[in-house]
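Indexing begins at 1, ligand by ligand and atom by atom, following the structure's order. Side chains are part of it too, since the values below use all heavy atoms of this structure and drop only hydrogens, waters and symmetry mates.
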Amino acid sequence: MKLIDGKKIASEIKQEIAVQVNEIVERGERPPHLAAVLVGHDGGSETYVAFKIKDCGEVGFKSSLIRFEDNVTEDELLAKVNELNNDDNLDGFIVQLPLPKHISEQKIIEAINPKKDVDGFHPENVGRMVIGLPSFVSATPFGIVELLKRYNIETSGKNCVIVGRSNIVGRPLSVLMSQKAVNATVTVAHSRTHNLEEVCRNADILIAAIGVPEFVKGNMVKEGAVVIDVGTTRVKSDKTKSGWKLKGDVLFEEVADKCSYITPVPGGVGPMTRVSLLLNTMLSAKKEIYK
Ligand code: NAP
């Protein structure tokens, strides 16, 4: 079994991005610029946004953080989105989700200019991805496909089973995995799937994006399969300072012995998700999606 080291690959990609940023700056142009809009003080969102800002600094991007309190109105947020849409000094921006209940997330997502939608959540980018046009692809699916590529894992003609059909992971990933560049034969499984264990056992590439810690057991994995664990659930732990630790959707101890490759949690998919936002911002700065 080989461990897929997402942290190492993400760090290599960051170095590649930093080289490109240097070239841009040496030409006398401004560095790529990403903005993040953060509403309220949710602990998870604060952490994710702080990582995004830190990542930008590491590769030489400019970043801006725009904060609102929980009681911001939908109209105020839409006005800010409109302002960012029209800011020529900005290559892309994200509105950190979730938003407070009185604001429609879908309305905010649809208000973002698709050309600056580096999260890849706008229906125009999702639609472009589905028909194989250049598009901003949401970070986790983008990162997973990049990880498979960088490990030279054969995907063509392979049976890929994705457990989970969310709009940010399972569903877009199923499209990417079936595209001609990847050529996998894809099954999307979910909570209504019959005989899930058997479906999973048929996978050459098994991707778990469920959010149920250690759901995938050894008996659900074919000998020699590639296993990608997207799950990140915080569970209580008396062994860490913080009092919690991250658990994946795969029971690592049982599955690792059976598979050919496996991603750890943490250190697998997570770092690739982070770096994919940087990749999308660079693609936007270079006008490679919407030419
Ligand atoms: P989500 O929106 O809650 O979707 C979960 C999916 O799993 C749903 O499609 C659901 O089926 C399916 N599911 C739930 N229980 C199941 C069961 N017992 N059997 C079969 N299918 C089941 O979650 P998400 O946003 O995709 O995230 C999934 C996990 O990935 C979470 O742990 C999240 O924290 C993690 N995540 C990690 C990263 C990263 O960078 N590492 C990024 C994003 C998400 P139904 O549709 O039928 O309800």
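Close contacts between ligand 1 and G270 involve ligand atoms 40 (O), 41 (N) [criterion: under 4.0 Å to a heavy atom]. Close approach to L196 involves these atoms of ligand 1, each under 4.0 Å from a residue heavy atom: 19 (N), 20 (C). The ligand atoms of ligand 1 that sit less than 4.0 angstrom from a heavy atom of I168 are 25 (O).
Of the protein's non-hydrogen atoms, the one nearest atom 44 (C) of ligand 1 is V169 CG2, 3.9 Å. Counting protein heavy atoms only, atom 40 (O) of ligand 1 is closest to T273 OG1, 2.7 Å. Summary of contacts: the protein heavy atom closest to atom 18 (N) of ligand 1 is F215 CE1, 3.3 Å. Among protein heavy atoms, the minimum distance from atom 42 (C) of ligand 1 is reached at T140 OG1, 3.1 Å. Protein heavy atom closest to atom 37 (C) of ligand 1, with residue, atom name and distance, is V230 O, 3.0 Å. Among protein heavy atoms, the minimum distance from atom 24 (P) of ligand 1 is reached at S166 OG, 3.7 Å.
In this structure, the side chains of I24 and P31 stay at 4.5 Å or more apart for every pair of heavy atoms.
Under the 4.0 Å criterion applied to side-chain N and carboxylate O atoms, E83 and K80 are assigned as salt-bridge partners.
More than 12 heavy-atom neighbours from other residues, nucleotides or ligands sit within 6.0 angstrom of CG on D70.
For the residues A209, G211, S191, A208, the heavy atom positioned nearest atom 45 (P) of ligand 1 is part of S191. Nearest-residue assignment for atom 46 (O) of ligand 1 (options H190, R192, R274, R165; heavy-atom criterion): R165. In the candidate list V163, T232, I210, I210 is nearest to atom 16 (C) of ligand 1, counting heavy atoms.
Among residue pairs with one or both ends in residues 215-228, those qualifying as side-chain hydrogen bond (donor to acceptor under 3.5 Å, both in side chains) are D204-K222; sequence neighbours excluded.
The backbone N or O of E110 sits less than 3.5 Å from a side-chain atom of H122, completing a donor-acceptor pair. For R165 (side chain) and G170 (main-chain N/O), no donor-acceptor pair under 3.5 Å exists by modelled atom type.
To the nearest 0.5 Å, the span separating CZ on R30 from NZ on K62 amounts to 8.0 Å.
Per-atom contact check: atom 27 (O) of ligand 1 does not touch the protein, criterion being a heavy-atom distance below 4.0 Å.
E46 and H41 form a side-chain donor-acceptor contact under 3.5 Å, judged by distance and modelled atom types alone.
Below 30°, between 30° and 60°, or above 60°: for Y151 and Y261 the angle between ring planes is above 60°, a perpendicular geometry.
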